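These notes are about the structure you will find just below.
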Amino acid sequence: MQMISPMTNLELNDLELLTEVSHMLTSFDQNRVLKNVIDLLMRHFSVEQSTLLMNTDGSNRWRLFNLRQQFQTGMLRAPFSDDTFQTAQKVVSEGLARWIIHNKQGTIIHNTSEDNRWLELPDIPSAGGSALSVPFMHDDHVIGVFTLMHPKPGHFTDHHMRLMTIIANQVAVAMRNAQLFTDMKGQQKQLEAILHAMPDVLLVLDDKGQLLLTNDTGAALMGSQDKDAILGRPLREFTHVDTSLVMIVGVIDSPLQSGQNWSFEVRSEQHKRDYLANIAVWEHQAGAGNAGYVVVMRDITQTRDLNRFKDEMLQMASHDLRSPLALIVGYCSLMQLDVDPASKTAEYLGIVQQQTERMTGLLDDLLRVEKIRTSPSELYERVNFRDIVNIALNNMRAASDNKGQRLRAEIALDNTPPLLLNPALVREAMENLLSNAVKYTGQGGKITVKAYQENNHVHFVVEDTGIGIPAEVLPRLFNSFFRARQAGTEDIEGRGLGLSLVKTIIERHKGEVWVESTPGVGSRFGFWLPIT
Ligand code: ADP
């Protein structure tokens, strides 16, 4: 490979040319950069004809530009016809460009009629002349080939070549930067359009909880008409503007781990609206520490109202349905006394009775959830949280042993004061989470229970190595009757009320439930209760 030492024998006007080119390259307008630089070079080298082959998008579709001195504005946007594409392909596969792309360096053709690398193109007559051609390189790839042509042979010297090599390198970098800048601008526009079209509240915060980005809906929630005016301010400054932000600030202030997701409901007393808030921790690079938080708040007021209406309807229906169901079961038993126990009728009656009892069970569960939701707090007493955890664990041990599962507990509640709560209900919530872990984890799986205190909260967490839950159903998991129907769970009995019961119990105690899960790996369910 021919080595070129760029800084030898540069003359004063060459330096002037280089300075001028460098100056032009500061612009991010790719078209203008190229046009101006090429124009300047053609004048400097006293040539009237040049060509530029470009392949900036990394495809194999090269574009050929035929340039004349003093070419008009817009020239570089020019030829896009199939003809030009074909000519470009021909030059790349047969002509001088092929040599340049292969050798990744420039060259001089002293006489175009005598050099077989030169391809005569109908639009660009150049027989008997000379040419100088240099590559524009990026990342060790040729992204462009610039060729200067002169009608006389022997016009170009090694000195021209050195100068053009320096300039071509600079142009390539500038073009790349211009391309990146254009891409970035495009992405920014796209992001702005997404933010504008998004009905949910979006808040992007840094690791200190300061606002980096929001959309119009987010700004409106924080009482501002101009989203840019509130950027840089800590979110906690807005908790007095909207109560829905109080809990979000609370979560962000607690130590979070990257990759963690939080999902909970919040209410704006000012706007009388309910939101489902999702908080995700993001980081610039894996392991680089938290860079901040992304908060998305979906307005669920309408859904919540409907849910309330549904609950009322269910309560009414379950009351009104209970009595006729009890009658059906009673009459089934009476009729069974009159029929031959081996007959088909007895068998059918048995099925009717069994299914009616199942329906009664469902209604009982429903009523129970409703009762807990509205239960008075007189039943609360001061109890040791650790005792409840131990009872729940003991009650579930037989079930996990039956499936050959390892049930392990890590309890760190040594200095926790007794809590004011309804022990029967809290134990039931724990047992529900534990029995789900046993149910949805296979034979020989692992279940870990963690109970600990952190600041003014006690935490109870159940981790399993079971089937896991798809991310899209996680937000509905705590709804009454919701069952994530997945392959492999068809034979697992359940009515979809356990988690809704847990949520109701924990919320009655002013705590919160949460879930994290990875399908095929396992789930983590947990709740915290305040120490009051
Ligand atoms: P069910 O009576 O169906 O168990 P739950 O309300 O307790 O009702 O749970 C609702 C759904 O959540 C279940 O049907 C199941 O799909 C899913 N689920 C609950 N706990 C787990 C767990 N530990 N692992 C996997 N899926 C779970």
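Computed from a predicted structure; not experimentally measured. Note that ligands are numbered from 1 as they come in the structure, with each ligand's atoms numbered from 1 the same way.
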Polar contact flag for [X] and ligand 1 (N/O pairs, less than 3.5 Å):
X      : result
Leu499 : yes
Gly468 : no
Ala484 : yes
Asp464 : yes
Phe482 : no

Tell me whether the centres of the aromatic rings in Tyr380 and His509 are closer together than 6.0 Å.
->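 Between Tyr380 and His509, the centre distance is under 6.0 Å.
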Name every donor-acceptor pair, under 3.5 Å, that has one atom in a side chain of residues 181-190 and the other anywhere in the protein, sequence neighbours excluded.
residue: Thr182; atom: OG1; partner: Ala178; partner atom: O; Å: 2.7
residue: Asp183; atom: OD1; partner: Gln179; partner atom: NE2; Å: 3.2

Of all the non-hydrogen atoms in the protein, which one sits nearest to atom 17 (C) of ligand 1, and at what distance?
->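 Sorting protein heavy atoms by distance from atom 17 (C) of ligand 1 puts Leu477 CD1, 4.1 Å first.
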So which protein heavy atom does atom 21 (C) of ligand 1 come closest to, and at what separation?
->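 Going by distance alone, atom 21 (C) of ligand 1 is nearest to Tyr440 CD1, 3.5 Å.
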So, His196 versus Asn215: side-chain donor-acceptor pair below 3.5 Å or not?
->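 Checked: His196/Asn215 side chains show no N/O donor-acceptor pair below 3.5 Å.
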Donor-acceptor pair between Ser244 and Ser268 side chains, under 3.5 angstrom =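 No, Ser268 and Ser244 have no side-chain donor paired with an acceptor closer than 3.5 Å.
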Any Leu477 side-chain heavy atom under 4.5 Å of Phe525 side chain =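 SC-SC contact between Leu477 and Phe525 confirmed.
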Using atom types as modelled, flag every donor-acceptor pair under 3.5 Å from a side chain in residues 447-459 to any protein atom, sequence neighbours excluded.
residue: Lys450; atom: NZ; partner: Glu463; partner atom: OE2; Å: 3.0
residue: Gln453; atom: OE1; partner: Thr416; partner atom: OG1; Å: 2.9
residue: Gln453; atom: NE2; partner: Asn455; partner atom: O; Å: 3.2

Ligand 1-proximal atoms of Ile469, by part, heavy-atom distance under 4.0 Å =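 For Ile469, only side-chain atoms sit under 4.0 Å from ligand 1.
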